[in-house]
Amino acid sequence: MTANDVSRAARALFRGAFSALICLLAAPALAGDDARQSLLLALNAEREAFAQVTPAVLNRATAPQVREQGEGAAAPGAADDTRATPVRMETPAQYERRYERAWLLEQEITLRGDEQFQCLREAIYHEARGEDLVGQFAVAEVILNRVDSARFPGSVCGVVHQNAHRRNACQFSYACNGRSRALTEPRARAVAGRIAQVMLSGADRPLTLGATHFHATSVRPGWSRRYERVAPYGAHIFYRPAQRTASN
């Protein structure tokens with residue numbers, strides 16, 4: 001469905017509702033049978049208008065859009081507008097169902113007793129539960145990118161709890177800021193768990209292009225100048241190690 005489809009359906013809905021309203025206002029001035037007939041006609045028009053707003057139209061109008069990969073990439077040290085918003089994908093072929101909340105919440109969790117699952121769910125919940133689904137998936141990608149890198153611990157739990165013994169000086173702030181790690185928000189916990197399930201089941205990582213770092217848009221740490229900016233997602237900006245080029 002296109003934006004025009006949604007617009008046409010909305011106009012039809014408005015016309016039907018408006019007709020019903022006019023007839024209701026005019027009803028006292030009409031004879032009994034005439035009033036009933038007019039109201040029936042108006043209600044039929046409204047029902048037909050509602051029928052045009054199909055589930056497919058509503059799904060297309062309300063579905064979250066995936067952000068363009070790599071938008072905002074900059075060389076280390078380049079000017080950085082931390083409030084830049086990435087371009088959103090519009091092509092259906094580029095849209096993945098994992099970023100649909102309804103689809104995601106339908107997925108069964110089979111890794112609930114797995115320690116790596118628990119650590120990834122915890123990190124997604126505490127680091128990104130205020131983000132949309134794309135932003136939460138991006139944080140999960142960074143964690144798994146670190147697991148794959150020789151520069152970081154080789155497990156999810158090792159990555160998210162790295163330096164957790166150092167107060168306010170660890171890799172992921174929730175692990176060492178002294179606050180409770182309890183996952184107290186049921187809906188956010190359910191989303192984080194299913195994102196962890198999807199990613200640990202071998203899903204690809206198309207959002208961050210190998211990023212191993214991110215920071216909030218409200219700050220600009222010194223290390224960000226040494227890394228290549230990949231993309232901003234929600235309240236975070238993502239970076240990967242700067243690509244070295246061969247020289248003669």
Side-chain angles (χ1 to χ4, degrees), residues 72-78 80-83 111-186 188-200 203 205 207-244:
D80 184 0
D81 178 7
T82 58
R83 299 190 181 279
L111 299 176
R112 197 176 300 276
D114 183 80
E115 183 182 14
Q116 304 308 305
F117 165 81
Q118 298 289 352
C119 288
L120 185 56
R121 180 180 67 164
E122 175 186 274
I124 296 168
Y125 176 93
H126 287 296
E127 291 289 325
R129 70 180 181 276
E131 300 293 314
D132 62 14
L133 290 183
V134 173
Q136 294 184 63
F137 268 103
V139 168
E141 286 190 22
V142 165
I143 294 169
L144 295 179
N145 290 341
R146 286 194 173 198
V147 172
D148 291 345
S149 171
R151 301 172 56 199
F152 299 94
S155 69
V156 173
C157 293
V159 164
V160 300
H161 296 149
Q162 186 177 12
N163 296 331
H165 61 285
R166 299 171 58 189
R167 182 65 178 265
N168 295 324
C170 56
Q171 298 296 308
F172 293 88
S173 59
Y174 83 91
C176 65
N177 60 14
R179 299 175 184 173
S180 171
R181 297 185 188 178
L183 283 59
T184 58
E185 299 177 23
R189 182 175 65 243
V191 169
R194 282 158 178 80
I195 293 174
Q197 170 83 32
V198 169
M199 296 308 297
L200 288 174
R205 306 169 201 168
L207 300 173
T208 58
L209 305 179
T212 55
H213 292 70
F214 64 89
H215 67 73
T217 56
S218 59
V219 300
R220 187 177 182 183
W223 59 256
S224 65
R225 294 176 173 83
R226 303 193 303 272
Y227 288 81
E228 179 183 353
R229 174 172 158 166
V230 173
Y233 291 114
H236 293 115
I237 302 176
F238 295 79
Y239 298 81
R240 64 182 177 183
Q243 303 297 306
R244 295 182 178 179

Heavy-atom pair with the smallest gap, counting every atom of [X] and [Y]:
X      : Y      : result
Arg167 : Asn177 : NH2-O, 3.4 Å
Met199 : Ala140 : CG-CB, 4.0 Å
Leu200 : Val156 : CD2-CG2, 4.2 Å
Gly135 : Ala128 : O-CB, 4.4 Å
Ile143 : Ala123 : CD1-CB, 3.5 Å

| Tyr125 side chain to Gly193 main-chain N or O, any donor-acceptor pair under 3.5 Å? |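 Checking the backbone N and O of Gly193 against the side chain of Tyr125, no donor-acceptor pair under 3.5 Å is found.
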
| query | Is a donor on one side and an acceptor on the other found under 3.5 Å between the side chain of Asn145 and the backbone of Ala211? | reply | yes

| task | Please report the C-alpha distance between Tyr227 and Arg240 in whole Å, then the side-chain angles of each, then the deciding distance to 0.1 Å, and finally whether the side chain to side chain contact (heavy atoms under 4.5 Å, CB included) criterion is met. | result | CA-CA 6 Å; Tyr227 288 81; Arg240 64 182 177 183; 5.9 Å; no

Does any part of the side chain of [Y], heavy atoms only, come nearer than 4.5 Å to the side chain of [X], both counted from C-beta?
X      : Y      : result
Tyr239 : Trp223 : yes
Glu127 : Ser173 : yes
Cys176 : Gln171 : no
Glu122 : His161 : yes
Pro241 : Thr212 : yes
Val160 : Leu120 : no

| request: Would you please say whether a donor-acceptor pair under 3.5 Å links the side chains of Arg112 and Gln197? | output: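 There is no such pair (donor and acceptor under 3.5 Å, judged by atom type) between the side chains of Arg112 and Gln197.
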
| task | Start with the C-alpha distance between His215 and Ile237, add both sets of side-chain angles, then the distance that settles side chain to side chain contact (heavy atoms under 4.5 Å, CB included), and finish with yes or no. | result | CA-CA 6 Å; His215 67 73; Ile237 302 176; 4.1 Å; yes

| message | Restricting to ring pair (Phe, Tyr, Trp, His ring centres under 6.0 Å), what partner residues turn up for Phe172, sequence neighbours left out? | response | none

| query | Listed by chain and number, what are the side chain to side chain donor-acceptor pair (under 3.5 Å) partners of Gln162, not counting sequence neighbours? | reply |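 Expected list: none.
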
| side chain to side chain contact (heavy atoms under 4.5 Å, CB included), paired with Arg189, selected from Ile124, Leu183, Thr184 |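 Considering Ile124, Leu183, Thr184, a side chain to side chain contact (heavy atoms under 4.5 Å, CB included) with Arg189 is found only for Leu183.
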
| message | Please verify the inter-ring angle class for Phe214 with His236; under 30° counts as parallel, over 60° as perpendicular, anything in between as tilted. | response |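 Perpendicular.
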
| said: Surrounding CZ of Arg166 (heavy atoms of other residues, nucleotides or ligands, distance under 6.0 Å), is the total greater than 12? | reply: no

| message | Run the side chain to side chain contact (heavy atoms under 4.5 Å, CB included) test on Phe238 and Val142 for me, step by step, so that the C-alpha distance in whole Å, both residues' side-chain angles and the decisive distance to 0.1 Å come before the verdict. | response | CA-CA 8 Å; Phe238 295 79; Val142 165; 3.5 Å; yes

| query | Step by step, would you call Tyr174 with His126 a ring-ring contact (aromatic ring centres under 6.0 Å, His included)? | reply | CA-CA 6 Å; Tyr174 83 91; His126 287 296; 5.0 Å; yes

| query | Asp148: what forms a salt bridge (charged side-chain N to carboxylate O under 4.0 Å, His left out) with it, not counting sequence neighbours? | reply | Arg205

| said: Test side chain to side chain contact (heavy atoms under 4.5 Å, CB included) on His213 and Ser224; report intermediate values, then the result. | reply: CA-CA 9 Å; His213 292 70; Ser224 65; over 6 Å; no

